[in-house]
Structures are given as C-alpha cells and as structure tokens.
*Asks:* 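Here you go, one structure.
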Amino acid sequence: MAPNGAGVMKRHRSHEKFDKKRDTKKHKHVEKAVVSNPSIEDPDSPEEDSIETESEAMLYREPTQYQHLLASLGSSNKVVADMNKRRQREEEGKSDTEEDEDEEENSGSEDLSSIDGDDDKIQGDDQETLRGLMMENNDNQSEEEDPDDYETDEEHDLSTNGQSFVDASSSVSAFSEHLSHKLSSEEVNTLPKGKWKFKWESLAFDMPNCRWKGTSENFLDGIQSDATYGLKPKLYKHWLQLYKKSGGKDLDSSKRRKFFSICNNYLDILHSNKKPFYHSGSDEDSSAMDAYLMHSLNHIFKTRDLVKKNESKIAKHREISEEEILSDDGFLDQGFTRPKVLILLPLRSIAFRVVKRLIQLTPESQRVSVEHLDRFNDEFGCEEATDDGDVEKNTSKKGNSTTQKSSKPSDWQSLFGASNNDDEFMLGIKHTRKSIRLYGDFYSSDIIIASPLKLQMTFGQAEENKERDVDYLSSIEVLVIDHADIISMQNWSFLATVVDHLNRLPSKQHGTNVMRIRPLYLDGHARFYRQSIILSSYLTPEMNSLFNRHCLNYKGKMKLACEYKGVLEKVLLPVRQIYERFDADSITQVDDARLEYFTKKIFPKIRDSVQGGVMIFIHSYFEFVRLRNFLNTQNTSFCLLGDYAKNADISRARERFFVGSRKVMLYTERAYFYKRYKIRGIKNLIFYSLPERKEFYPEIMNMLEEGSHEMMSTALFSRFDMLQLERIVGSTSAKRMISSEKNMFAFC
C-alpha cells in the first residue's frame, strides 16, 4: 500500500508544537519581569482548543519497548525522564503547555521561577549525561567523515529567530517517505499474515513474455520522477559516466535504469526471469546487478548523510537543550546497529563480481583508497579448478605443458570451470568519506555480503557461545538475494533460516545511541520496513513461499509472471516422451502420492523387464533417499549418483551401469548441476520428478543411447508441478495437461 502524507504532516505538527512551547516560555519570562506573582494560564484558551482538536482519540495501549527503555533510563536521569513524559503526553494528545499548567497546579506554593529555570537550563551532571548520550561516538558513525560533505533530502534548519525548528523539503525522497511512514494498527495486524492480493499487471520492459504484477498502485508509467531518478547527484553523475564509457547511449531507456527505479520504490521484488551471466546473459545480469548495487549505495549514503547532518546541527546549536532537539522525530535516524544492506550470494566467484562492480560504481572521490583489496583478490578471485573427468588432454610439442579441454557445457565452464566456487564466506564493507574498507568489523560495516551457509554456521556458533551474537543483522533495511536459482541447488533451508533471523531485537546495546533509534525498531516493526529483492533465472515453490511469508514490506510487492515456449524442440533424438499425471489432494501429500504412483504404475514394468539401462532422474535429495530405500526393499540392482557421492564411487557407478552389471541408476539434479557427468548406456529414462532448470531436460534426454530399441522416456507430474512443467513443455501445453480429464500425454 502506498504511504500517505500522514507521517510528514505529523512531523510538521510536532515542529509547530515545539515553536509554540518556546514562544510560551518567552512569554512567561516577560510576565516574570513585569508581574512579581504571575497568574496561571487559562487551560481553556483558544490556542489549547486548536491543539486539542488536532489530536485523535486515543485508546489504552500497552507500553512499547521504546517507552520501557526511556522509563528505565529516566529513573536515573532527569532529562531523559522529562523526554519520556513529553512522549507520553504526545501519545495522550496533550500539548506541552497543558503539561506546564498541570505542573503548576500540582506544585502548590512552589516558586514558578524554579520551574522555568529547570525548563530553560539543564544543570550539573544531568546535562553532561545527556550530552554524552547525544554525542557518543558509536559504531553507527565514522570519525573520518566530514559533515559538510553530505547532501540531504530533507534540510533540517535549526531556527535562531524563533520561527521554525525543522523545515521539511518540498519534495520528499522515496528513502525518507519509506522510513517515515507510521504503521497503522490494522497494518501491524494484517502484515504478518502474508495475504497479498495482486491488483494490476503491466508488460515488463524488454521481456515480451513477462508481466509485472503488483499489490499496490501501478507506478511503472511514472518511474522517471526527476532528473537523477532519485539517486544522489554524485552517484547519478558517476553512473552515467560509466554507462557511456562502456558504450551505452541512453541510460534513461536502459534496463538497468528502469530496474533501479523499481528498486527505488522500496517494494519487495521477485524477479524470476533474469538471464544469468553463465547462460550468455552477461548484459542482462550486469544490468540487474547495477540496479540493486546503485540502490544499495544510494540507501547507505542517504542514511549516513542524515545521521551526520543531524550530528552537525546538534553540535552547532549548543544553546538549544538536547531534550528539545530530540523531541523532534527528524533526529530519530538510526537503527540498533550500522549495517543496513545484506546481499546474499551463493559462491565466492559471484561475490567477487559483485564487490568489484560495487567498487566501480562508487564515485572516485569516495574511493580514493580501497583497503585490503589485495587480500580480497586472493581470497575471492579466480583459481584453477580441477575437473573430475570428462576432459581431453593435449600435450604441446614445444615443451611438456598440458592443456585440458573439458566436455562440460558452457554454463558449467562459466560458473565452475576456472572460478572460486567456495560457498562459505562473509564480508563486511564500510564506506567512509574517501575510502572503502573491506573486511571491516560487521558492526561498523554498511553492507554485508555473505553466503547462506556461512551465516547458518554463524548462527550455530552464536547459540553455542553466548558471548557471540549476530545482532549486526538487526537493522537490515535492504535485503538482496541474487542468483537464488543457484542457492536452491545448495540448501534452501539455510536461506530461509537467514531471512528468519533478520530484524530481530538485539541481545546487546553495541554502543548505540538509544536516544536516536527510530521507533520502528524499538516497536519490533523493522521487518515490515525491510525491502527484499529476490533475483533468479526461474521460479520455484520455495521462492514463492519465502516471498509471500517472510517478505512483509508494508509498501507491497511486485513479481514477474511469465509465459514459456518450452524446450522440447531442443531434444535432438527421436524419443517418445510420455507424461503421466498423478493426483494429490494437497501439496503436503505430493511426495507420498508420487512414491505410491511410482511403486504401483512404474516400478512393476522395471522389475518385470529383462532390459537394463534404466536411469531415474530425481529433483530433490529427499526424494532420492525415499526412492533409494524403496529399491533396497525390493532387492533391485541399482547404483547411485547422488549429491554427496565421492568421485571414486561415482566413477565406479558409471562403469557398472554402462556394462550392465547394475540395472538402474539414480541421478539427482543437484549432482548433475555440480558434476555434469554424461551417462552412457541409458536405454530407458524416467523423470521421477521434473528438473527445476529447464535446460537440464534436453541435456538429459540427449544422453539416451541412440539406436537402442524404441527409445522412450517417462515423466511424472501433478498439478503442483506447474512451474517446472510449463518451462519444459510450454505454458499453453502445461495448462492443458493440468486441466485435462486425461492423465497421460505424449510428445514425439
């Protein structure tokens, strides 16, 4: 849902209320100079009536965590206690002058000059304590940065003539609008349920087979809102220069600019049709990467600018008490910890590409030096990969050097051939005024780039050692999951665990200035403000589940819906392809229904046939284990090529299957993704479950032994396999196969 201007208007009213309070104090000082015994103001004055009419009727609410925190601090600090009272008055709809009257009425014969003195001047240890809270040099700030070097979207001008305390700019950026939104009680109750209704569809640019769908209002026609597209001017100018230098002509109409504008609207995004670099899609992959990296840089720079600008103003106006400054919401500008962007990636080689591009996209004036770059190149850069077979060795006549020519597909070569494919890594990146610091402490970093596996291991270590924690994930405002399709070939449950750990309340304070924390964090609502961007080359049920249940951004969602032509035409052999549909009442019953159908309809034919060479292709490891256990109970002659098989066992299994000493082979999709072994001797191919990656289907089909008698393949599917099915046979055929009264279909 699109945010309204309520948050901005409320901020203006709070400023007006501050001005009225200051004017009231000045009026009191004048009265004291003229009258020795000033009278108490009339609580029914017109000014008070006007303020009361603006306040809404308030129901009793449980104290928030922020209120508990202020109350505990206030027990030992008068200034903090006064601030807590002021916030309580605002919740009750009372004005500051009303509270002054209440204090005067309750004070009896107390001297009014002492009350005014306490209001206007903070004395002794209390003032020093609060100033220490205000100016604490915590991890959210950098001592190296010059406050005068920042640009802000909202200029907060401290008044010296009593006219205004903070003036909001006429145009509020998407960044400010997003974080200043106040959640309604209805939003707080409905967002966790994850029930989303997509209201509109619009053709996706440069993807004629896809449409964007959204839950909030359609903004695609107006995504060019200003000359810099919502970017900080320095970032925009540098991006434009890089684009032209690389041969680009029109940034405005480019994929990267348009996708950036979508990201800059702060909706949750599921882009499931990205052509990756390892499938000859380097341009499209780079465009999406540019977009989310520019969005990430823009976000952390605007966050830093706001914090430093506020620090500068607080330092320049010492004559105004800190409690009065902090009474304005404009100075609530921090989270529990500094990191604001988390980018999850599957492999070090991909992280290497992302970080290198992140450095390039940073303006030169802000990357005069890149600390620990050599170490990064050593640990994340390319390394010579070992090829587990399937290679041809050529010896040069000039010397003894040997070159290897692999028979692996080109996408495997791009992804694993000469790349660092380690999947255990985590890197903190900190941006200062003139430098980029790699390998920074996570609590002082702006961006964290990690693999789900490494974070999963870190969670386990934190549980075992209570002195360790992962509180640096408590204030993530932008989450990017790139190459989610590769992550699905690792262990998806690790990713789900990571997302579930985001935006939790921290276990420690970590030096944070509690007086500057945004209420959305203290109220436990940070997950409703976190933007999640998921990028993949295809869509899976697990991605849908994560997007619907764990991405709860109040701004709404956008996702791609695509039509597919299928890949059957890439099957080069004259194979009769049979598709058999089995019925399942619910998605929780699919696995049992699939196994039951196989044991009753498919396996008897295998058991009764004397012919060997039966390969059963399986999508998930869970299905692999169930099928392996079943074949063991049937005393079937079979061999395994699974996810965790050792190279020696794989070579032995391939040989035994080829010579016919093993009748059946089980081959998992993940094993094929990482190894790409070609299997010889296949005479009968069975897809126990369809592969997620559509290109695997023709590759496996083309392994059938050409010339064998009546080459045939059988694929099992249910109505819950629609996503995989339409990528293979095409969307039109898939819809017909799912809804047809028949349950068997043939393609030749």
Side-chain angles (χ1 to χ4, degrees), residues 142 144-145 149-151 231-248 251 254 256-257 259-260 263-264 277 282-283 285-305 338-383 419-420 422 425-442 444-451 454 478-483 533 535:
S142 173
E144 308 168 27
E145 298 165 355
D149 191 53
Y150 300 108
E151 308 156 3
L231 275 169
K232 288 175 60 65
K234 286 183 180 179
L235 278 174
Y236 168 73
K237 182 179 179 180
H238 180 65
W239 195 21
L240 183 61
Q241 291 174 347
L242 284 179
Y243 184 70
K244 291 181 177 180
K245 187 176 180 180
S246 64
L251 179 64
S254 65
R256 62 195 66 203
R257 198 285 299 174
F259 190 59
F260 165 79
C263 294
N264 195 48
F277 68 92
S282 58
D283 180 64
D285 203 334
S286 298
S287 296
M289 182 171 64
D290 265 24
Y292 73 70
L293 287 179
M294 290 302 294
H295 177 56
S296 300
L297 287 171
N298 199 46
H299 185 85
I300 64 172
F301 287 169
K302 288 190 175 185
T303 299
R304 185 183 63 181
D305 288 357
R338 175 165 177 160
K340 292 295 180 286
V341 177
L342 174 64
I343 302 177
L344 297 176
L345 302 169
L347 304 171
R348 279 184 184 260
S349 58
I350 295 177
F352 184 76
R353 296 178 70 250
V354 170
V355 175
K356 282 289 191 180
R357 188 58 178 169
L358 179 69
I359 295 173
Q360 293 174 356
L361 291 173
T362 303
E364 295 179 359
S365 62
Q366 294 175 279
R367 55 176 170 92
V368 176
S369 65
V370 181
E371 300 180 23
H372 308 298
L373 183 59
D374 290 340
R375 175 187 171 187
F376 171 74
N377 289 331
D378 292 340
E379 296 184 3
F380 284 79
C382 297
E383 61 184 16
S419 301
N420 190 336
D422 178 44
F425 61 89
M426 186 159 64
L427 178 70
I429 302 176
K430 177 180 180 179
H431 281 78
T432 65
R433 185 168 64 92
K434 292 184 178 181
S435 67
I436 299 175
R437 182 177 301 167
L438 306 179
Y439 296 96
D441 177 75
F442 295 124
S444 62
S445 298
D446 299 297
I447 300 175
I448 295 176
I449 295 179
S451 66
K454 181 61 176 179
V478 177
L479 167 67
V480 179
I481 304 172
D482 198 2
H483 297 281
I533 303 172
L535 301 164

*Asks:* Which pair of non-hydrogen atoms, one from S445 and one from K430, has the smallest distance, and what is that distance?
*Replies:* CA-CB, 4.1 Å
*Asks:* For the atom pair NE2 (H238) and CD (Q360), what is the distance rounded to the nearest 0.5 Å?
*Replies:* 8.0 Å
*Asks:* To the closest 0.5 Å, what do you measure between CG (L235) and CG (L240)?
*Replies:* 12.5 Å
*Asks:* In chain order, what residues pass the side-chain hydrogen bond (donor to acceptor under 3.5 Å, both in side chains) check against K356, with sequence neighbours excluded?
*Replies:* N377
*Asks:* Distance from D482 atom CG to L293 atom CG, nearest 0.5 Å?
*Replies:* 8.5 Å
*Asks:* Considering all heavy atoms of both residues, which atom of F442 and which atom of G428 are nearest to each other, and what is their separation?
*Replies:* CE2-N, 3.6 Å
*Asks:* I need the minimum non-hydrogen distance between F425 and K454, along with the two atoms involved.
*Replies:* O-CB, 3.2 Å
*Asks:* For the pair R437 (side chain) and T432 (backbone), establish whether a donor and an acceptor sit closer than 3.5 Å, ignoring hydrogens and angles.
*Replies:* no
*Asks:* Give, for atom NE2 of H295 and atom CG of N298, the distance between the pair rounded to the nearest 0.5 Å.
*Replies:* 8.0 Å
*Asks:* Determine the minimum heavy-atom distance between A351 and L345, stating which atoms define it.
*Replies:* CA-CD1, 3.5 Å
*Asks:* Which class fits the ring pair F352 and F376: parallel under 30°, tilted 30 to 60°, perpendicular over 60°?
*Replies:* parallel
*Asks:* Answer yes or no: are there more than 12 heavy-atom neighbours, outside E364 itself, under 6.0 Å from its atom CD?
*Replies:* no
*Asks:* Keeping the roles fixed (side chain from H299, backbone from N264), state whether a donor-acceptor pair exists under 3.5 Å.
*Replies:* no
*Asks:* Is the shortest heavy-atom distance from the side chain of H431 to the side chain of L297 under 4.5 Å?
*Replies:* yes
*Asks:* Can you list the residues that meet the side-chain contact (heavy atoms from CB on, under 4.5 Å) rule with S254, with sequence neighbours excluded?
*Replies:* Y243, L251, R256, R257
*Asks:* Just how far is it from atom CZ of F380 to atom CG of N420, taken to the nearest 0.5 Å?
*Replies:* 8.0 Å
*Asks:* Please give me the minimum heavy-atom distance between H372 and L438, naming the atom from each residue.
*Replies:* CD2-O, 3.1 Å
*Asks:* Would you indicate whether the side-chain heavy atoms of R353 and F277 approach each other to under 4.5 Å?
*Replies:* yes
*Asks:* So does D290 get a backbone contact from the side chain of R357, meaning a donor-acceptor N/O pair under 3.5 Å?
*Replies:* no
*Asks:* Do Y292 and V341 have side chains that approach each other closer than 4.5 Å (heavy atoms only, starting at C-beta)?
*Replies:* no
*Asks:* In terms of side-chain geometry, is the basic nitrogen of D446 or R338 positioned less than 4.0 Å from the acidic oxygen of its partner?
*Replies:* yes
*Asks:* Of all heavy-atom pairs between R348 and E379, which one has the smallest distance, and what is that distance?
*Replies:* NH1-O, 3.2 Å
*Asks:* Which residues pass the side-chain contact (heavy atoms from CB on, under 4.5 Å) test with S349, not counting sequence neighbours?
*Replies:* L347, S419
*Asks:* If you define the side chain from C-beta out and look only at heavy atoms, does anything of L358 sit under 4.5 Å from I343?
*Replies:* no
*Asks:* Hey, could you give me the CE/CD1 distance between M426 and I449, rounded to the nearest 0.5 Å?
*Replies:* 12.0 Å
